[in-house]
There are 2 protein chains.
Amino acid sequence: MPFDRDHVLRCAADLLSHKATATQDEIAKAAGISRATLHRHFAGRDALIRALEDLGVRQLQEVVDQARLDDGSATEALVRLVESTRPVAGFLAFLATENQLFEGEEVNEGWARIDAQIAALFKRGQESGEFRIDLSPVWLTEALYGLVSATAWTVLSGKTAPRDYTEMITGLMLGGLERRAPQP
Amino acid sequence: MPFDRDHVLRCAADLLSHKATATQDEIAKAAGISRATLHRHFAGRDALIRALEDLGVRQLQEVVDQARLDDGSATEALVRLVESTRPVAGFLAFLATENQLFEGEEVNEGWARIDAQIAALFKRGQESGEFRIDLSPVWLTEALYGLVSATAWTVLSGKTAPRDYTEMITGLMLGGLERRAPQP
DNA sequence: CTTGTTTGAGACATTGATGTCTCATATGAG
DNA sequence: CTCATATGAGACATCAATGTCTCAAACAAG
């Protein structure tokens with residue numbers, strides 16, 4: 001059986017998502033390979049985590065590119081962005097969480113670039129008059145991560161249907177909780 | 001120096017918030033006590049984590065009680081709730097995150113009760129007509145945790161001023177991002 | 001088929017965290 | 001002051017995870 005790097009990383013992420021202290025034996029077992037092979041490709045836990053980060057950032061960057069954040073209205077772009085994150089939301093939640101709890105030496109630069117792109121989207125919406133201007137783009141970016149992560153966890157635990165993912169996040173984020181009279 | 005249990009737990013939480021794999025030596029050092037004393041009061045890492053959970057749940061329950069979720073409008077109650085979580089937001093973020101990544105055998109029952117109380121608040125707001133009804137109270141509860149945690153991290157990292165905490169969370173959650181014509 | 005490469009299984013030593021113990025010192029109650 | 005108790009510092013054994021190695025078997029390329 002040929003070695004499938006991405007498959008191994010996905011299995012590792014799935015396992016580490018709910019058991020962050022999993023052993024390399026456990027990770028290897030979850031991926032269906034031997035510990036020796038795991039160690040041949042990822043020399044140590046740190047290397048594995050870094051590879052995991054790289055894959056996550058790569059996937060998320062694809063998602064961001066695919067959402068075309070500069071096209072159309074900022075509102076539409078935000079909806080596209082959230083919708084395209086759905087397939088990688090679990091991975092994203094894991095990475096965002098892991099970044100907090102295991103403060104690495106330096107923050108991945110790809111991650112910082114994604115942050116900047118999303119913050120720029122919020123800023124664009126504010127400058128175009130679509131979004132309120134009393135919430136900082138940097139905080140909005142983190143708030144979006146928070147909502148996406150929280151939703152990903154609830155989907156993983158079965159408390160929420162995956163099909164409601166985009167509606168819930170964009171519904172709350174754009175429209176807010178308050179009920180309003182129908183727009184004229 | 002007498003042993004200050006809560007102080008030790010707070011120091012442990014602060015440290016573990018950004019270094020989840022901290023050693024007992026490091027935790028003891030951070031708390032200003034010796035490893036021997038730490039081990040006398042918390043026999044092993046698991047015991048420490050459980051004590052941490054208990055303290056967190058106790059604090060959060062106090063906060064929830066203090067916010068009087070049943071009084072006045074649901075909107076006002078939500079604002080009170082968020083405002084009173086501010087002092088314990090870091091702790092809350094740590095616990096919520098830790099609960100995901102280190103899936104304990106059973107979920108703390110006090111935690112489940114708090115969940116239920118907050119979900120009941122959202123339900124009350126929906127039934128009174130204040131809140132929109134197309135977002136489930138369970139998910140809204142998790143979304144609130146997500147926003148609170150995300151904001152707590154940004155405050156801890158200095159990206160956001162603590163004084164904006166309540167405004168940002170309630171501003172986004174209640175009003176949403178879309179800019180609207182002033183209410184008539 | 002033959003050859004070179006990769007994997008799986010397991011043994012082994014090493015490392016680091018942990019649990020446990022002792023003893024001197026500090027602290028507080030009486 | 002005196003005694004009982006708790007703490008700090010450190011030694012020590014233990015245990016789990018890790019890194020490293022060997023060797024046989026599976027596999028792919030030629």
Side-chain angles (χ1 to χ4, degrees), chain A residues 1-56 94-95 97-106 108, chain B residues 1-56 58 91 94-95 97-106 108:
Chain A
M1 186 164 38
F3 177 78
D4 183 341
R5 182 185 170 95
D6 277 16
H7 171 256
V8 171
L9 289 175
R10 284 169 200 282
C11 291
D14 282 348
L15 178 59
L16 293 172
S17 287
H18 59 90
K19 192 171 182 185
T21 58
T23 299
Q24 305 211 21
D25 287 86
E26 296 173 304
I27 297 173
K29 192 172 181 181
I33 62 176
S34 73
R35 187 167 74 94
T37 301
L38 180 65
H39 192 271
R40 278 183 195 109
H41 292 271
F42 307 102
R45 191 185 196 77
D46 290 354
L48 179 64
I49 298 293
R50 263 197 297 277
L52 229 38
E53 281 181 7
D54 283 349
L55 176 60
F94 166 67
L95 283 182
T97 303
E98 198 265 353
N99 259 335
Q100 292 297 344
L101 249 46
F102 301 86
E103 186 179 2
E105 41 292 354
E106 75 233 11
N108 190 308
Chain B
M1 185 164 38
F3 178 78
D4 183 342
R5 183 185 169 92
D6 277 17
H7 172 255
V8 170
L9 288 175
R10 283 169 200 282
C11 291
D14 282 349
L15 178 60
L16 293 171
S17 287
H18 58 88
K19 191 171 181 183
T21 58
T23 299
Q24 305 212 22
D25 287 88
E26 295 172 305
I27 297 173
K29 193 172 182 181
I33 62 175
S34 73
R35 187 166 74 93
T37 301
L38 180 65
H39 191 271
R40 277 185 196 106
H41 291 270
F42 306 101
R45 192 187 195 76
D46 290 354
L48 179 63
I49 297 294
R50 265 196 297 275
L52 229 38
E53 280 181 6
D54 283 348
L55 176 61
R58 218 161 53 228
F91 215 113
F94 166 67
L95 283 182
T97 303
E98 199 265 352
N99 259 335
Q100 291 298 343
L101 249 46
F102 300 87
E103 187 180 0
E105 41 292 355
E106 75 233 13
N108 190 308

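We name chains A, B, ... by the order of the sequence lines, and we start the count at 1 in each one.
- Residues meeting the side-chain contact (heavy atoms from CB on, under 4.5 Å) test with B/Thr23, sequence neighbours left out: B/Asp25, B/Glu26.
- Contact check, A/His41 against C/dT6: no side-chain N or O comes under 4.0 Å of OP1 or OP2.
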Side chains of residues 11-18 of chain B: which donor-acceptor partners sit under 3.5 Å, not counting sequence neighbours?
{"unit_1": "B/Ser17", "atom_1": "OG", "unit_2": "B/Ala13", "atom_2": "O", "d": "2.7"}
{"unit_1": "B/His18", "atom_1": "ND1", "unit_2": "A/Glu103", "atom_2": "OE1", "d": "3.1"}

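- In this structure, A/Asp4 places its CG atom 17 Å from C1' of D/dC27, rounding to the nearest Å.
- Rounded to whole Å, atom C1' of D/dG19 lies 12 Å from atom CG of A/Leu38.
- In terms of the side-chain contact (heavy atoms from CB on, under 4.5 Å) criterion, residue partners of B/Ala36 (sequence neighbours excluded) are, by chain and number, B/Ser34, B/Arg40.
- Remark: C1' of D/dA28 and CZ of A/Phe3 are 18 Å apart, rounded to the nearest angstrom.
- Close to C/dG8, at under 4.0 Å from its OP1 or OP2, lies a side-chain N or O of A/Thr37.
- Using a 4.5 Å heavy-atom cutoff, the side chains of B/Glu53 and B/Asn99 are in contact.
- Remark: A/Gln100 pairs with B/Trp153 by the side-chain contact (heavy atoms from CB on, under 4.5 Å) rule, at least two apart or across chains.
- Over its full length, the helix from C/dC1-D/dG30 to C/dG30-D/dC1 turns its helical axis through 40°, comparing axes from the five pairs at each end and rounding to 10°.
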Q) Taking it one step at a time, do A/Phe102 and B/Leu101 satisfy side-chain contact (heavy atoms from CB on, under 4.5 Å)? A) CA-CA 11 Å; A/Phe102 301 86; B/Leu101 249 46; 4.1 Å; yes
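- Distance B/Glu26 CD to C/dG16 P: 13 Å, rounded to the nearest Å.
- A straight line from CD1 of A/Ile27 to P of D/dG19 spans 11 Å, rounded to a whole angstrom.
- Atoms CG and CD1, on A/Leu9 and A/Ile49 in that order, are 10.0 Å from each other to the nearest 0.5 Å.
- With sequence neighbours excluded, the residues forming a ring pair (Phe, Tyr, Trp, His ring centres under 6.0 Å) with B/His41 are B/Phe3, listed by chain and number.
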**Q.** Per-nucleotide protein contact string for nucleotides 18-23 of chain C, where B marks a base within reach and S marks sugar-phosphate only (heavy atoms under 4.0 Å, - for neither)
**A.** BBB---
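- Interatomic distance, A/Lys29 NZ to A/Leu38 CG, rounded to the nearest 0.5 Å: 14.5 Å.
- Going from atom CZ of A/Arg5 over to atom C1' of C/dT6 covers 17 Å, rounded to whole Å.
- The distance from atom CG of A/Asp46 to atom P of D/dA17 is 17 Å, rounded to the nearest whole Å.
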